[in-house]
Amino acid sequence: MSQPGAMRSEAGAGHNAAAELLALYRSLVLIRRSEERLSRMFADGEVPGFIHLSIGQEAVSAGVMSALTPQDTIASTHRGHGHAIAKGISLDGFFAELLARDTGLCRGRGGSMHVADMSVGMLGANGIVGAGVSIALGSALAHKTQKNGAIAVAFFGDGALAEGLMHECLNMAALWKLPLLFVCENNGWGEFLPTSKQLAFTLKDLAAAYRIPHVVIDGNDVAVVAEHAASLVAEVRRDGPRVLECMTTRVRGHFEGDAQKYRDPDELAGLSARDPLDVTAGQLKALGIGESALADIADEIAARIEAAVEAARAAPMPSFEAAQADVYTVSNAARENA
Amino acid sequence: MSQPGAMRSEAGAGHNAAAELLALYRSLVLIRRSEERLSRMFADGEVPGFIHLSIGQEAVSAGVMSALTPQDTIASTHRGHGHAIAKGISLDGFFAELLARDTGLCRGRGGSMHVADMSVGMLGANGIVGAGVSIALGSALAHKTQKNGAIAVAFFGDGALAEGLMHECLNMAALWKLPLLFVCENNGWGEFLPTSKQLAFTLKDLAAAYRIPHVVIDGNDVAVVAEHAASLVAEVRRDGPRVLECMTTRVRGHFEGDAQKYRDPDELAGLSARDPLDVTAGQLKALGIGESALADIADEIAARIEAAVEAARAAPMPSFEAAQADVYTVSNAARENA
Amino acid sequence: MAEMRYLRAINQALADAMAADPSVILLGEDVGEAGGSFGASRGLRDRFGAERVIDTPISEAALAGAAVGAALSGLRPVAEIMFMDFTTLVMDALVNQAAKARFMFGGQRSVPMVLRTPHGGGLGAGPQHSQCLEAWFAHVPGLKVVCPSDPTSAYGLLRAAIADPDPVVFIEHKALYAMKGEVPDDAPLLPLGRAAILREGRDATIVAYGAAVHTALAAAGQLAEEGIEAEVVDLRSIQPWDEETVLASLSRTHRLVVVHEAVEAFGVGAEIVARMADIGFDELDGPILRVAAPFMPVPFSKGLETAYLPSPERVAAAVRRTLA
Amino acid sequence: MAEMRYLRAINQALADAMAADPSVILLGEDVGEAGGSFGASRGLRDRFGAERVIDTPISEAALAGAAVGAALSGLRPVAEIMFMDFTTLVMDALVNQAAKARFMFGGQRSVPMVLRTPHGGGLGAGPQHSQCLEAWFAHVPGLKVVCPSDPTSAYGLLRAAIADPDPVVFIEHKALYAMKGEVPDDAPLLPLGRAAILREGRDATIVAYGAAVHTALAAAGQLAEEGIEAEVVDLRSIQPWDEETVLASLSRTHRLVVVHEAVEAFGVGAEIVARMADIGFDELDGPILRVAAPFMPVPFSKGLETAYLPSPERVAAAVRRTLA
Ligand SMILES: Cc1ncc(C[n+]2csc(CCOP(=O)(O)OP(=O)(O)O)c2C)c(N)n1
Ligand SMILES: Cc1ncc(C[n+]2csc(CCOP(=O)(O)OP(=O)(O)O)c2C)c(N)n1
Ligand SMILES: [Mg+2]
Ligand SMILES: [Mg+2]
């Protein structure tokens, strides 16, 4: 999934740019269609619990992840599907987890808010606003201590900026020059209230206070995200923390089932003009990629998703005994052997 | 203790300015001599527990408090003696508390880190770094809700700036335009480590991010503190939060008994040049106040302190049963009456 | 006399308390414009104004600390923490500030605040949105802890909690929000610290609180078919808890089973058992048993979660075991 | 064989663990240049470098969260929280992150971190610097909780905690720091979850942990003068705790008293009693009693604090009472 030689807009058109943009587009489509599929299954009662979709925000995930290596780690949020998929977790494991199966990434114990795949450096979605940022901080510290050349990425929403933990982490990352990229998905909302009513500051000004270089970009244009992510990731690897603020759009409400009655209908209607998939499809067309290439991607991804859904449906439910035995690494062995 | 018409340096010299400065000086001396007395009693084993002295930082307490009314509230820190005394708590109650007597402000249950006198708006010293700031925030909210014209003041050290709670409070105060004055006592240290090794930012930049007006001043010149406090308090009462950062000097170590071996001896030796009492005594002399006036103050305060110490020594120890009965307001009455 | 849901009873209690006392304010994330994430404060901002029903940023520690400061300064704040799992972020405000202020300042002032928060599983909400952490708060001198099982007690206890001069942690169960019950028009305040006997029985005492009360009642129903008459005690308050009522019941039945949804180990039930193993020892004719959650996080999958939660069958089996 | 103080045993365990495993790092406020507020990490920064012995800002929540992230990324962090009272600020990192990560991610990875923190009174440090809050952590599936009573067990348990693949809350008692004891040169790791019988006796079992072990031993000494032989069990680990050893002792003595410095209500002792009132019921010849702190914050004044702390006299009286 990762794209080591990331997209540069100035790199000129031609084959390379088109191929890179197409790879990014594929990532966008994979996230979008996966979440749309989940949305339908949620409505049908097949997906339990709460789910928070990243529809409208996919370009952040696809773009940032294109700049990472598999050794790089990320910590995510309650709205983590896009991050997880873009980081390259197993799609089968993802759907199986959302359907609470034993074959799920977390064996049905975590669900949407806890999707994780340590094997690809995805340290977990998180049900606690802000908590993932400190986990990414620790991961960055581990990379630095181990001198392994990897970086960590902390994803968080604009609402999370009000959490004290966020600030503690900004300070520590700056103080210790940790290889940590802060990525804010600024969708203008924290649950049901605009973040303008929650925050008396901008991330730009805050980052300036911590002397962490900050860039704010259009988070719905994956080419833009990928380009900035690539250069910031290189800076982070070399020099220490950076902040990437992505202006983006929360399309489907805070969680599935949220009718967003509190939002201006015009604003909601206007969101489609910034749809990340449409934006990128338009750019691809301009680069000469035809409808049929996009249709091929759509078909291929639809098939992958259906296969994952079917595999999940066929998979067994988790066993209670196995779950109970996994609270500790060696369950009570010290006690029994000693 | 409070000085409604506070010191203005532009108010010209003459009787008024001299009288005001003398009042501030009296407050400085009262804090200094009280703490020196405590220090001796601590060394003699007469004061139990930990004590953190504000020697070298008295001008912040005396100056800020000169701008407050008795209705204004303050929340303090582990280094709270100066704040408490300057806010006008009973000196007898203070010494009795430090000597763990039943006549103490907290009846011997709190000690140095919990000195409080609600009757003069002193909401408590605090053993938890940063916690007092949120208490002051809530007090400011109460003042605003009750439209009583009062303000709240949050005292905190530079080390506390690393606590997430601090930031949450800055944001909320700014967002809600609360009548809250943030007063930072920047002594350059958090325990045994310079805060330059703890903070990647300055309070100036941080306040700017929150769009809270910030002033940094010489915190060892009580006239300067009083002047700025007076104008900021007026602004807070009218317009909302302000930050006053006072550059000051921690003379006696983190707590009593700390030999400060980790500090540069030259730096320590240099502190006396900035001693707040000497600074003010010099200004008073320049205003024509003679040695004898200062000596009178010294005598009067020495007598007050000795009286307080003697009263405390003579006072009874607290009763365990009374302490146990004071955990709740009406101990178990609901249970028994119902 | 009005039939209303548990959630609506909470809403009504908040409204009545605010109407009766202008010093009552609400604060929390989305409690204002949105009327609360679960709807507990619906309509209150319109009725009482944005100055008294305050939407906070996502800053749990500061909002809880602010509640303490406001309570020390003349208000009666009712703070909402959206899920009990997030009380991990307000422990300092509750434990080191609210709980201790009265004592540590020598009785100078009370801290009349309430922290409302929902606990419990059953919604497939997973390990970080389902916990029952009440035992933590019950262990802290200075806090009171309440957990109503139905709309009537939800109303009466919340009014009492708000009127109480001391800090109260008021715990609602998410799975009860839709439950209906009678709440009379001028329903009385219910005293904190007082249990209710919801079903009488001579053979065994089952003590429970919150949603587990219904598990206990269902178990008692099953046992009655076998001729075993279990008495069901709804604790209502966890701190202080009504040890006289529990002891009196035990003295009639001589058998005790304690049920809750929280993890069994070091949970609320442990204290009830421990107290009865001391003051009630001579009354005991069988082991005291607990039926509670196993020692694992709350799992997401429905099947796992169902197996995790205490069931009437497990409670009935425990009663049979202590009678054996 | 070396005699050393409890604090030095901690220091030695940290040093030996760091020397043995380069993935062990220390972090906390003043653990580096200053060698720890109590001196537990003295000399370690000079020996192992500032990259492995890290002074943090006063940011407890972030340092604990960072420990979780570092543990998930290949390190074995040992975080210090200066006073257990300040663990109020790290509850989320410990409870919602560290404790649950293994389970909620389906067993993908362990979280090998240790959080060291001192608890307890006796220093006149007042209500916010003296609490014993171990019951909170023992209630959280996924955490282990350890509390050594002497230098030997402090060394052996800390080495075991650092070597353990799961998150361990390691609790020291401030009043024990100066205590001397033997720590052999190649002292063994002591298994977590295993109690030790420090004094044998046939008449009653006294279970304790941490500093309260010495209160129990003193009580046993007093009782012996009256011809009452009390067995003293040092739990060492609180979660998991060694219920086999306690049950076996109870089966010999048929009387049980549990002692700790934490508040009695909803404290650790409640679980031990509750478990024994179930699995040990048939062995009991008298009520199970607890001797612990009363339901109030830890007071500052020496006189009040002394009355607050459990004493050998109160323990001895409890043993007599259960034998009566
Ligand atoms: C500590 C904590 N507080 C509150 C919540 C409830 N909550 C979940 S998501 C959310 C809003 C987060 O807003 P933002 O960070 O902007 O992310 P977005 O939902 O917009 O992606 C809130 C308040 C939570 N999960 N954790
Ligand atoms: C939450 C918390 N963390 C740590 C401590 C220990 N501690 C007490 S004072 C202090 C340093 C505070 O520095 P600063 O805020 O600058 O105040 P100063 O001592 O310089 O007046 C620390 C770390 C504490 N009391 N509370
Ligand atoms: Mg948002
Ligand atoms: Mg300082």
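First the proteins, then the strands, lettered A, B, ... as listed; each starts at 1. Note that the structure is a prediction, hence the values are computed from the model and not measured.
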Check: Taking the six-membered ring for Trp, are His83(A) and Phe155(A) parallel (under 30°), tilted (30 to 60°) or perpendicular (over 60°)?
Finding: parallel

Note to self: With chain A as the partner, which of Pro112(D), Gly107(D), Ala64(D), Gly65(D) has the greatest number of non-hydrogen pairs under 4.5 Å?
What the structure shows: Gly65(D)

Notebook entry, point to check: Which atoms of Ala322(A) come close to chain D, meaning under 4.5 Å heavy atom to heavy atom: side chain ones, backbone ones, both, or neither?
Noted result: neither

Next item on the list: Could you tell me which portion of Thr56(D) (side chain, backbone, both or neither) has an atom closer than 4.5 angstrom to a non-hydrogen atom of chain A?
Entry: both

Item checked: Donor-acceptor contact present, side-chain Glu80(D) to main-chain Gly28(D), <3.5 Å -> no

Note to self: Counting only heavy atoms from other residues, nucleotides and ligands, does the tally under 6.0 Å from CD of Glu51(D) exceed 12?
What the structure shows: yes

Next item on the list: Could you check which of Leu105(A), Val133(A), Ile128(A) has the highest count of heavy-atom pairs closer than 4.5 Å to chain D?
Entry: Ile128(A)

Next item on the list: Select, from Val111(D), Ile25(D), Ile54(D), the one with the greatest count of heavy-atom pairs under 4.5 Å involving chain A.
Entry: Ile54(D)

Notebook entry, point to check: Just how far is it from atom CZ of Phe170(D) to atom CD1 of Ile162(D), taken to the nearest 0.5 Å?
Noted result: 8.0 Å

Checklist line | Asp72(A) and Arg237(A) ion-paired at < 4.0 Å | finding: yes

Notebook entry, point to check: What residue, out of Gly124(A), Gly138(A), Ala116(A), has the most heavy-atom pairs lying under 4.5 Å from chain D?
Noted result: Gly138(A)

Item checked: Contact origin within Ala136(A) toward chain D - heavy atom pairs under 4.5 Å -> neither

Item checked: Largest heavy-atom contact set with chain D, pairs under 4.5 Å, which of Ala75(A), Gly132(A), Ser139(A) -> Ser139(A)

Margin query: So which residue, Cys169(A), Gly111(A), Ala323(A), ends up with the most heavy-atom pairs under 4.5 Å with chain D?
Written below: Ala323(A)

Next item on the list: Measure distances from Asp102(A) to the heavy atoms of chain D and classify the residue's part below 4.5 Å as side chain, backbone, both or neither.
Entry: neither

Check: What option among Asn96(D), Ile58(D), Leu75(D) has the most heavy-atom pairs under 4.5 Å with chain A?
Finding: Leu75(D)

Checklist line | Contact origin within Asp117(A) toward chain D - heavy atom pairs under 4.5 Å | finding: both

Check: Are the aromatic rings of His81(A) and Phe94(A) close, with centres under 6.0 Å apart?
Finding: yes

Item checked: Option from Lys144(D), Arg76(D), Lys100(D) for which salt bridge (charged side-chain N to carboxylate O under 4.0 Å, His left out) with Asp166(D) holds -> Lys144(D)

Item checked: Close side-chain approach of Asp55(D) to Glu29(D), heavy-atom, < 4.5 Å -> no

